[in-house]
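All chains are named by letter (A, B, ...) in the order of the sequence lines, taking the proteins before the strands, and each is independently numbered beginning at 1. Computed over heavy atoms, backbone and side chain alike; hydrogens, waters and symmetry mates excluded.
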2 protein chains.
Amino acid sequence: MSALLPVRDTLDVIGGKWKLLILISIWEGNKHFREIERSIPKLSTKVLSKELKDMEENQLITRTILNGFPVRTEYRPTEHSKTLEKVIFELYNWGVNHRKKIFGANSEIVSSNRT
Amino acid sequence: MSALLPVRDTLDVIGGKWKLLILISIWEGNKHFREIERSIPKLSTKVLSKELKDMEENQLITRTILNGFPVRTEYRPTEHSKTLEKVIFELYNWGVNHRKKIFGANSEIVSSNRT
DNA sequence: AGTTTTGATTACCTCAAGGTAACTGATTAC
DNA sequence: GTAATCAGTTACCTTGAGGTAATCAAAACT
């Protein structure tokens, strides 16, 4: 069944290692390239650059170049990006519940095997 | 922020190319290995085998071996798996909306560049 | 004996996401 | 002139998900 296409679309938009972290960083108020980069440990400029492009294409953020002294770019979240909050909340919710189901009581202790 | 850990968990469980297709196939009533395999074009036995194991670990399905003639295994969806329906619906919903936003009117025509 | 069907496992290959690191170009400050 | 800061780009490498194909074991049928 390809009623799954829209699901795939969504997963493409928020999937991958960095997209959500970057989006949240921008939601939190980080506007400039280096600012966002510094707010996320281990994130490289190459990956950030690519992800920001993707996110702009998907209309999750806007990019504005401020001409001036040491050249600044400003990234801002769109209203459209805010509609993701509900989706993310559902994913979060299910995840919390799933952890309880799988690990029981000690959900916090087990499985910190992710970067 | 690692409040994203549960989100990652959820994405791990439903992410990847095949997991949702397999889950839906089982939801639809397919019970046996070959039956599931045949219901999903291009899915190889190796991948199916691996995904079914993952899904069993994540308590989305149960596996029962029926001893008999040409050995049969029975896969069945759990109640826990049903709690994913809401999540999938949200992903679907957002995806549909996103398509409209990005492609406008001709959402159906554009971007069938996925297998 | 040989083929078919079930449910897999194993070895090998491919490809894209992501990681590493060096470099560009513009401008201001030292 | 040299360094620093901003916003990237480019070339190269690594890793893991997934694809391909052969093989295994057990029983039933022919």
Side-chain angles (χ1 to χ4, degrees), chain A residues 4 7-23 25-26 29-58 61-76 111 113-115, chain B residues 4 7-23 25-26 29-58 61-76 111 113-115:
Chain A
L4 279 182
V7 177
R8 283 261 86 82
D9 287 340
T10 307
L11 292 178
D12 283 355
V13 169
I14 63 175
K17 200 168 169 179
W18 299 109
K19 294 222 173 67
L20 279 179
L21 288 167
I22 294 170
L23 186 57
S25 172
I26 293 176
N30 295 306
K31 293 175 179 52
H32 309 295
F33 193 91
R34 295 293 178 210
E35 202 177 6
I36 298 163
E37 191 183 4
R38 285 194 212 99
S39 76
I40 304 173
K42 308 266 183 181
L43 172 59
S44 75
T45 117
K46 174 200 153 190
V47 171
L48 176 56
S49 170
K50 190 222 151 206
E51 298 293 52
L52 287 171
K53 267 180 201 160
D54 283 3
M55 291 167 68
E56 200 193 351
E57 274 176 26
N58 281 316
I61 55 171
T62 59
R63 194 178 95 116
T64 321
I65 301 157
L66 311 173
N67 37 1
F69 333 25
V71 185
R72 308 212 105 199
T73 332
E74 216 175 72
Y75 295 94
R76 289 180 173 283
S111 129
N113 40 354
R114 231 175 337 246
T115 330
Chain B
L4 280 182
V7 178
R8 283 261 88 81
D9 286 341
T10 306
L11 292 178
D12 283 355
V13 169
I14 64 175
K17 200 168 170 181
W18 301 108
K19 294 222 173 69
L20 279 180
L21 288 168
I22 294 168
L23 187 56
S25 171
I26 293 175
N30 294 308
K31 292 174 180 53
H32 307 296
F33 194 90
R34 294 291 176 211
E35 203 176 5
I36 298 163
E37 189 184 4
R38 286 195 211 98
S39 75
I40 304 171
K42 306 267 182 182
L43 172 58
S44 75
T45 113
K46 175 199 153 191
V47 171
L48 176 56
S49 169
K50 190 220 149 207
E51 299 292 52
L52 287 172
K53 266 181 201 161
D54 284 2
M55 292 167 68
E56 200 193 351
E57 273 176 26
N58 281 315
I61 54 171
T62 57
R63 194 178 96 115
T64 321
I65 303 157
L66 312 172
N67 36 2
F69 333 22
V71 183
R72 306 211 106 198
T73 333
E74 216 174 71
Y75 295 93
R76 291 181 171 282
S111 129
N113 40 355
R114 229 173 337 247
T115 331

Any-strand Watson-Crick or G-U partner of C/dC30, both distances under 3.5 Å: D/dG1
Separation between CG of A/Asp12 and CZ of A/Arg8, rounded to the nearest 0.5 Å: 7.0 Å
Length of the line joining B/Ile22:CD1 and D/dA17:P, which is rounded to integer Å: 15 Å
Gap between atoms CD and P, on A/Glu51 and D/dG8 respectively (whole Å): 14 Å
Phosphate-side-chain proximity, B/Arg38 and C/dT5, N/O vs OP1/OP2 below 4.0 Å: no
D/dT9 phosphate, OP1 or OP2, under 4.0 Å from A/Lys53 side-chain N/O: yes
Base D/dG19 paired with B/Lys46 side chain (donor-acceptor, <3.5 Å): yes
Atom pair CD (B/Glu51) and NZ (B/Lys17), whose distance is rounded to the nearest 0.5 Å: 11.5 Å
Integer-rounded Å distance: D/dC24 C1' and B/Phe33 CZ: 14 Å
Nearest-angstrom distance from the residue atom CZ of A/Arg72 to P of C/dA26: 19 Å
Residue met sooner reading DNA chain D from 5', once B/Ser44 and A/Glu35 are mapped to nucleotides: A/Glu35
Sugar-phosphate, base or nothing in reach of B/Lys19, heavy atoms under 4.0 Å: nothing
Whole-Å distance separating the CZ atom of B/Arg34 from the P atom of C/dT9: 12 Å
Candidate pair B/Lys42 and B/Trp18, rule side-chain contact (heavy atoms from CB on, under 4.5 Å), full reasoning: CA-CA 10 Å; B/Lys42 306 267 182 182; B/Trp18 301 108; 4.1 Å; yes
Pairwise 5' ranking along DNA chain C for B/Glu74 and A/Val47, keeping only the more 5' one: B/Glu74
Distance, rounded to the nearest Å, where B/Lys31 contributes NZ and C/dG7 contributes C1': 18 Å
Below 4.0 Å: OP1/OP2 of D/dG19 and any side-chain N or O of B/Lys17: yes
Pair A/Arg76 + A/Glu74, salt bridge at N-O below 4.0 Å: yes
Rounded distance in Å - CD1 (B/Ile36) to P (C/dA8): 9 Å
Under 3.5 Å donor-acceptor pair, B/Thr73 side-chain atoms to C/dG7 base atoms: no
Length of the CG-P vector between B/Asp12 and D/dA17, whole Å: 10 Å
Polar side-chain contact B/Ser49-C/dA8 base: donor and acceptor under 3.5 Å: no
Those residues that, when tested against A/Glu57, pass salt bridge (charged side-chain N to carboxylate O under 4.0 Å, His left out) (two or more places apart): none
